[in-house]
**Q** 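Let me begin by handing over the structure; questions about it come next.
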Amino acid sequence: MRIGMLGAGTIAQAIARHAIRLGHEVVLSNSRGPDTLAPLVEDLGPLASAATPAEAAAADLVVLAVGWPQVRDVAARLPRLDGTVVIDATNQFASPPPQPRIADLGDLTGSEYVATLLPGARVVKAFNSLFAQYIAPDPRHEAGRQVLFLAGDDADAKNTVIGLTSAFGFAPVDLGSLREGGRLIQLGGPLSSLHVLKQD
């Protein structure tokens, strides 16, 4: 699979390393241009490359992992992603810690809002409820596998993400739609920042 990363921060890098370990190609992008990613690409190895966000979004699967203030600008620069599975790993921080403030999206969940910005994409909420330091290591532990909560409105898209992240070693747990499930794992939800292991 070719996986496009919109963002190249700690969460994007953690997901990229899991993907590369399994032999997937990863295309990284950021707002400053591909050249600025050269050291990271060299560190990740031959399965990694850098491109523009629009080029990264042409991959088989796309991961959105940018800061909330950048989401609208990134989405506006992308072509239509008709049918593309997009993993939304964002959190709706109007202002980040240490003085966090949650963006007011009215009745929409964060991922429902993201879906409005990416018409045609099949959005699956995942990875946002975990701190990066719990995404990066091997999710398989002696006591069980790291649970990965996810939500989405497209069953096939969720199955794609479940298959991929299971191969990474996570224990995916489908919480339902972007509305019901997304509300559980977004900022302020009862499962946000809940790190648990599933015993197999």
Side-chain angles (χ1 to χ4, degrees), residues 1-30 34 37-66 71 74-75 77-90 111 114-115 117-130 132 134-140 145-175 178 181-182 185 198 200:
M1 187 183 294
R2 196 162 186 258
I3 300 174
M5 311 297 296
L6 301 176
T10 54
I11 290 177
Q13 290 179 37
I15 297 170
R17 290 183 191 279
H18 285 302
I20 288 169
R21 177 172 51 81
L22 293 179
H24 299 292
E25 292 182 49
V26 171
V27 183
L28 297 128
S29 68
N30 64 10
L37 295 170
L40 175 60
V41 167
E42 183 177 358
D43 180 56
L44 290 173
L47 288 177
S49 62
T52 66
E55 291 167 337
D60 302 315
L61 180 144
V62 174
V63 178
L64 178 63
V66 299
V71 168
V74 170
R77 292 186 172 93
L78 301 179
R80 277 188 65 93
L81 302 180
D82 289 325
T84 301
V85 177
V86 176
I87 296 177
D88 175 20
T90 66
S111 283
V114 167
L117 302 178
L118 300 173
R122 297 185 291 161
V123 176
V124 178
K125 188 76 165 179
F127 288 108
N128 68 293
S129 65
L130 297 175
Y134 297 113
I135 298 173
D138 188 338
R140 292 162 293 202
R145 289 181 294 149
Q146 174 71 56
V147 167
L148 179 73
F149 297 118
L150 60 92
D153 295 337
D154 185 294
D156 288 340
K158 286 194 288 187
N159 285 336
T160 296
V161 175
I162 287 169
L164 179 66
T165 57
S166 293
F168 288 174
F170 290 94
V173 175
D174 183 357
L175 299 177
L178 290 179
I185 54 176
K198 180 180 180 181
D200 295 311

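All residue numbers in this chain count up from 1 along the given sequence. All values below come from the heavy atoms of this structure, side chains included, with hydrogens, waters and symmetry mates left out.
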**Q** Report the relative orientation of the aromatic rings in Phe168 and His18; use parallel for angles under 30°, tilted for 30 to 60°, perpendicular for over 60°.
**A** parallel
**Q** Main chain of Pro139, side chain of Arg145: is a donor-acceptor contact present, judged purely on distance under 3.5 Å?
**A**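 It does not hold such a pair.
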**Q** Provide the closest heavy-atom pair for Ile185 versus Lys125 in the form atom of the first, atom of the second, distance.
**A** CD1-CG, 3.6 Å
**Q** Any chance you could measure Gln13, atom CD, to Leu40, atom CG, to the nearest 0.5 Å?
**A**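 CG of Leu40 is found 4.5 Å from CD of Gln13.
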**Q** If I compare all heavy atoms of Ala51 with all of Ala56, which pair ends up nearest, and what's the gap?
**A** CB-N, 4.4 Å
**Q** Is atom CZ of Arg21 surrounded by more than 12 heavy atoms (other residues, nucleotides or ligands) closer than 6.0 Å?
**A** yes
**Q** So Ile135 and Phe170, do their side chains get closer than 4.5 Å, heavy atoms only?
**A**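 Yes; the side chains approach each other to less than 4.5 Å.
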**Q** Any idea which heavy atoms bring Ala132 and Thr10 closest together, and the distance?
**A** CB-OG1, 3.6 Å
**Q** Output the distance between atom CG (Leu37) and atom CG (Asp43), rounded to the nearest 0.5 Å.
**A** 12.0 Å
**Q** Identify the two heavy atoms, one from Met5 and one from Val26, that lie closest to each other, and give their separation to 0.1 Å.
**A** CG-CG1, 3.6 Å
**Q** Should Arg2 and Asp60 be marked as a salt bridge (charged side-chain N to carboxylate O under 4.0 Å, His left out) after you check the CA-CA gap, both sets of side-chain angles, and the distance that decides it?
**A** CA-CA 5 Å; Arg2 196 162 186 258; Asp60 302 315; over 6 Å; no
**Q** Distance from Arg122 atom CZ to Thr84 atom OG1, nearest 0.5 Å?
**A**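 Atom-to-atom, Arg122:CZ and Thr84:OG1 are 8.0 Å apart.
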**Q** Looking at side-chain heavy atoms only, is the closest gap between Asn159 and Ile162 below 4.5 Å?
**A**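 They are in side-chain contact.
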**Q** Distance check, rounded to the nearest 0.5 Å: Lys158 atom NZ versus Leu175 atom CG?
**A**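 It comes to 8.5 Å.
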**Q** Nearest heavy-atom pair of Gly7 and Leu28: which atoms, and what distance?
**A** O-CD2, 4.5 Å
**Q** Which pair of heavy atoms, one from Ala57 and one from Leu81, lies closest together, and at what distance?
**A**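 Heavy atoms only, the tightest pair is O-CD2, 3.7 Å.
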**Q** With no hydrogens and no angle check, is any side-chain donor or acceptor of Thr90 less than 3.5 Å from a backbone partner on Ala65?
**A** no
**Q** With the side chain counted from C-beta on, respond yes when Val71 and Val66 share a heavy-atom pair under 4.5 Å apart, and no when they do not.
**A** yes
**Q** Quick check for you: to the nearest 0.5 Å, what is the distance between Leu150 atom CG and Ser111 atom OG?
**A**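 That separation rounds to 10.5 Å.
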**Q** In Å and rounded to the nearest 0.5 Å, what is the CG to CG distance from Leu130 to Leu148?
**A**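 Those atoms lie 6.0 Å apart.
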**Q** Please name the residue in the list Asp88, Val86, Val63, Leu78 that meets the side-chain contact (heavy atoms from CB on, under 4.5 Å) test with Leu6.
**A** Leu78
**Q** Among Leu61, Leu64, Ile15, which one satisfies side-chain contact (heavy atoms from CB on, under 4.5 Å) with Ile87?
**A**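 With Ile87 as partner, side-chain contact (heavy atoms from CB on, under 4.5 Å) holds for just one option, Leu61.
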